[in-house]
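A, B, ... follow the sequence lines: proteins, then strands. Residue 1 opens every chain.
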There are 2 protein chains.
Amino acid sequence: MNLYKPGLHILATFSAAPQVLTEMQQCKALFEKLILELELSKVGETYYSFDGGGFTATVCLTESHAAIHTWPEFSKATFDVFLSNFNKDNSEKVREFYDKTINYFNATDIQVHELMR
Amino acid sequence: MNLYKPGLHILATFSAAPQVLTEMQQCKALFEKLILELELSKVGETYYSFDGGGFTATVCLTESHAAIHTWPEFSKATFDVFLSNFNKDNSEKVREFYDKTINYFNATDIQVHELMR
């Protein structure tokens, strides 16, 4: 059995105002800013907006991924960020990405899980 | 507080043979087959192979996402599949996607988490 532990994955399901849950481009701008600030390495992304509704997005990183899915009709969203520790411990970057995203959305009713994978 | 529950997310960290953890195109073919069989709706994807190493991939679905990251040098991988229940209960599809992926990799030492988000 190999003891390599990939790293920290934080998953949240939260409530937020419907408006911010429809603003895909602003969310993309936030993620771009965080990727730059945290010196992460993006290798691809998908941002897809539903007609008159929420959006779904995945960002593929060499360090792993981030994903967000929103349901403004229910004032709900899920958010994931997972960074592996292949070259160094990225746990603090996971927490910073998470905290800044939760703050951006003014999230409430947060159900959060932290998994050390 | 809104009671909408997005759906089931299964996360696994597992061991597998290094060879299968480098075969990105075969993994992509598996995911394509599962997306078709399970009648999921893909809106984008990223598959990125590391030189002489593993791969990292995210598949963005209208139903949410799947993601895989492999470290053949450690015989390790992580796999996630999350499908929301917006139009109908997709929990059984999550389990089928998960089971078929785990079988494909002949995964061992599986640490699995099921989150109803």
*Between B:Thr58 and A:Thr46, is any pair of side-chain heavy atoms under 4.5 Å apart?*
no
Indicate if [X] and [Y] have the same hydrophobic cluster label, given that clusters are the connected sets of ILVMFWY residues with side-chain heavy-atom separations under 4.5 angstrom.
| X | Y | value |
| --- | --- | --- |
| A:Leu30 | A:Val59 | yes |
| B:Tyr48 | A:Leu40 | no |
| B:Phe31 | B:Val20 | yes |
| A:Phe86 | A:Val43 | no |
| A:Met24 | A:Phe105 | yes |

*For B:Tyr4 and A:Lys76, work out which heavy atoms get closest and say how close.*
O-CE, 3.7 Å
*Closest approach of A:Arg117 and B:Phe79, non-hydrogen atoms and distance?*
NH2-O, 3.2 Å
*Would you check, one step at a time, whether the test side chain to side chain contact (heavy atoms under 4.5 Å, CB included) holds for B:Leu115 with A:Gln111?*
CA-CA 11 Å; B:Leu115 299 182; A:Gln111 294 177 356; over 6 Å; no
_Structural part of B:Tyr47 lying under 4.5 Å from a heavy atom of chain A_ = neither
*Select one option (side chain, backbone, both, neither) describing which atoms of B:Phe55 are under 4.5 Å from chain A's heavy atoms.*
neither
*Nearest-0.5 Å distance, NE2 of residue B:His113 to NE2 of residue A:His9*: 10.5 Å
_Less than 4.5 Å to any heavy atom of chain B: does that hold for the side chain of A:Ala77, its backbone, both, or neither?_
neither
*Is chain B contacted by the side chain of A:Glu63, its backbone, both, or neither, given a heavy-atom distance below 4.5 Å?*
neither
*Output the option from B:Ser64, B:Ala67, B:Ser84 having the highest count of non-hydrogen pairs under 4.5 Å with chain A.*
B:Ser64
*Just give me the residue among B:Thr62, B:Thr13, B:Leu11, B:Thr56 that pairs up with chain A most often, heavy atom to heavy atom, under 4.5 Å.*
B:Leu11
*Hey, do the aromatic rings of B:His65 and A:His65 have their centres closer than 6.0 Å?*
yes
